[in-house]
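Every chain is numbered from 1, with letters handed out A, B, ... down the list of sequences.
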Amino acid sequence: MERKLSEQEINRREALQEIKNLGIDPYPAETFEINTSAKDIKANYERNKTDYKSISIAGRLMSRRIMGKASFAEIQDSTGRIQIYVNRDEICEGEDKTLYNKVFKKLLDIGDIIGIKGFVFTTQVGEISIHVKELKVLTKSLRPLPIVKTDADGNVHDGFKDPEQRYRQRYVDLIVNPEVKDAFIKRTQLTNSMRSFLNNKGYLEVETPILQPLYGGAAARPFKTHHNTLDMTLYLRIANELYLKRLVVGGFDGVYEFAKDFRNEGMSRFHNPEFTQMELYVAYKDYEWMMDLVEEMVEKIAIDLHGTTKVQVGENTIDFQRPWKRYSMYGAIEEFTGVDISEMGESALRDTAKSLNVEVDDTMGRGKLIDEIFGECCEGKLIQPTFITDYPVEMSPLAKKHKDKEGLVERFEAICNGKEICNAFSELNDPIDQRARFEEQLELGKRGDDEAMVLDEDFLRSIEHGMPPTAGLGIGIDRLAMIMTNSNSIQDVLFFPQMRPEKNQTETDAEG
RNA sequence: GACUCGAUAGCUCAGCUGGUAGAGCAUCACACUUUUAAUGUGAGGGUCCUGGGUUCGAGCCCCAGUCGAGUCACCA
């Protein structure tokens, strides 16, 4: 399929050919050794000028200002941008001025990758720059890059803003929008910080199956696939909870996994079909203990990323400093609605919900009604990190019944910026009770709930061998990353968010 | 899934009452040896998302669709 080239693409292909005609390889095989970076130069040149008399650096050409026999340009490497100064008679010492007049001025374009050698100096206007002595073409770029300019006041002009193009062509987004790159670096710092916290506690990072014969550990619709050799249905995991618990049975007292999970459900700025959760299980602990751990861990992450416990998210300043506020679910509802529902039965709850303008229907049981009231009246108002504890048993088939509150389980969620960021229980380790809860789920499934859990006989067998009392946690890494990077959409913390295929793509696999 | 908004040059966007498509940056040509949103002069560049319809005539109006964003629903 021939694609029609734009004027600028034709220019670049012609320049590519001319470069080759001059005997220059536009994609050289030999290594271009570098000994510094844009960031390093800017940070350290003023203090130690002697180290920057002979530098070698490579990057992408991002702007050019040609003034006859001398030019300024900017190159961008993985650490940032730096200005370079190119003088005709210094990069072309003899009579032949081709490298400057032809290659640099005519055949190179914004977006090309070059290597330069030279020395660092400060211009008359005070900008730390590289005085170029040698210039080498490292990669010719064949497509025009969107030009993003920032003026002296910091205003961005002609940005690359169309969300569709930014997500589909993330590589371009990353090149021209530096704040995008910063967000992803922060995301990695977040997981690094969390991982080192957990390792320092002595917990073991593990890997468990993504392809599962039975999906479990959460209430969600799965992606289904097929294994040819085994001729069997497999599901992409919706959670790894039941596997990590098997490992606790097996004698690992603290295990965790950063897990890509997959849920075949709606998409929104808070939901992507594949997303990342960190799940942690620690034996001989309960949910109270786990709350302390979550506070400690997330506070540390905020400090590692921002140097402070305070993080600006939209219009809110969120302070992760311990201790966080704790409400029981009943307490939160009473706090925000003034109604004490703790003693209410199902019909009283339904009337209460209606009086609070919460939409309900007759299929909702007690637990669902409570959850609905909480979601409508409380969750969105919880901006500062807050723990909500003690959920109705109906909604939590894997959580242990509360030690002294009838009808509730030992469960908490942390809410922050109006959204759930984690979910944790004292894990149910009574195999008889667990089987009964699964059977309730099966009943829900038979009645048409396509998100009801399935019964995992091997998991039951494992806890019949005895799982120690265990605290478990699932923390949404994408949601936490959104908060820590002040991102409005999950797509801004996923390199390649899920999208429908582009219409121009070849349709080899477009069967429905 | 419902509703709202959007799609025009490589990018960001205008486009009047329906009458042969516009700007800035980018590109091309020329000038310019410390510029920085470089500057000056000139030029080129379009499947107006797709397909129908109305009309003498559609970027614009109508219908259907595609893709995206937002809100809601779903996501316990």
Applying a 4.0 Å non-hydrogen cut-off, can you work out what Glu372(A) is touching in the nucleic acid: base, sugar-phosphate, or nothing?
nothing
Using heavy atoms to find the nearest nucleotide of RNA chain B for Lys105(A) and Lys161(A) separately, return the residue whose nucleotide is more 5′.
Lys161(A)
Answer with base, sugar-phosphate or nothing: what part of the nucleic acid does Phe121(A) contact at a heavy-atom distance below 4.0 Å?
base
Verify, without hydrogens or angle tests, whether Arg187(A) (side chain) and Ala481(A) (backbone) share a donor-acceptor contact under 3.5 angstrom.
no
Lys260(A) with Glu274(A): basic N within carboxylate O range, under 4.0 Å:
yes
Describe the nucleic acid contact of Lys106(A) in one word from base, sugar-phosphate, nothing, applying a heavy-atom distance below 4.0 Å.
sugar-phosphate
From C-beta outward on Asp151(A), which listed nucleotide comes closest to its side chain: G70(B), A37(B), U36(B)?
A37(B)
Step by step, would you call Tyr287(A) with Phe425(A) a ring pair (Phe, Tyr, Trp, His ring centres under 6.0 Å)?
CA-CA 5 Å; Tyr287(A) 79 135; Phe425(A) 329 129; 9.5 Å; no
Do the side chains of Arg411(A) and Glu413(A) get close enough for a salt bridge, i.e. N-O under 4.0 angstrom?
yes
Dot-bracket encoding per residue of RNA chain B, Watson-Crick/G-U cut-off under 3.5 Å, | denoting interstrand:
(((((((..((((.....[..)))).(((((.......))))).....(((((..]....))))))))))))....
Integer angstrom distance from the C1' of G51(B) to that of G42(B)
41 Å
Please check if atom CZ in Arg65(A) has more than 12 non-hydrogen atoms from other residues, nucleotides or ligands closer than 6.0 Å.
yes
Does Arg64(A) pair with Glu74(A) as a salt bridge, N-O distance under 4.0 Å?
no
Hey, are the side chains of Asp390(A) and Tyr330(A) touching, using non-hydrogen atoms and a 4.5 Å cut-off?
no
Would you indicate what Thr123(A) reaches in the nucleic acid, counting non-hydrogen atoms under 4.0 angstrom: base, sugar-phosphate, or nothing?
base
Does Arg65(A) make a side-chain N or O approach to OP1 or OP2 of U36(B) shorter than 4.0 Å?
no
Between Glu427(A) and Lys245(A), is the closest basic N to carboxylate O distance under 4.0 Å?
yes
Contacting residues from residues 169-178 of chain A, given that a heavy atom lies under 4.0 angstrom of RNA chain B
none
The residue, Ser63(A) or Asp109(A), whose nearest nucleotide of RNA chain B is more 5′ is Asp109(A)
With rounding to the closest Å, how many angstrom separate the P atoms on C63(B) and A69(B)?
25 Å
Any Arg500(A) side-chain N or O less than 4.0 Å from OP1/OP2 of G68(B)
yes
Counting primed atoms plus P, OP1 and OP2 as sugar-phosphate and everything else as base, spell out the protein contacts along nucleotides 20-26 of chain B at 4.0 Å heavy-atom distance: B, S or - for each nucleotide, 5' to 3'.
----BSB
The side chain of Ser129(A) lies closest to which of these nucleotides: U35(B), C11(B), U27(B)?
U35(B)
Do NZ/NE/NH1/NH2 and the carboxylate oxygens of Asp109(A) and Lys140(A) come within less than 4.0 Å?
yes
I'd like to know whether Phe184(A) forms a ring pair (Phe, Tyr, Trp, His ring centres under 6.0 Å) with Phe495(A), so could you lay out the CA-CA distance, the side-chain angles of the two residues, the decisive distance to 0.1 Å, and finally the verdict.
CA-CA 8 Å; Phe184(A) 286 102; Phe495(A) 276 126; 3.9 Å; yes
Out of U47(B), A69(B), C11(B), which has the shortest distance to the side chain of Pro163(A)?
A69(B)
Which value, in whole Å, describes the distance between the C1' atoms of nucleotides C13(B) and C48(B)?
13 Å
Quote, to the nearest angstrom, the C1' distance that separates C60(B) from U55(B).
13 Å
Between C28(B), A69(B), U12(B), which nucleotide has the shortest distance from any of its atoms to the side chain of Tyr167(A)?
A69(B)
Donor-acceptor pair under 3.5 Å: do we get one between Asn11(A)'s side chain and the base of U27(B)?
no
Looking for any heavy atom pair under 4.0 Å, which part of the strands does Asp371(A) touch: base, sugar-phosphate only, or nothing?
sugar-phosphate
P-based separation of A7(B) from U12(B) [nearest Å]
12 Å
Side chain of Ala70(A), heavy atoms from C-beta onward: which of U33(B), U35(B), G68(B) has the nearest atom to it?
U33(B)
Integer angstrom distance from the P of A9(B) to that of C5(B)
22 Å
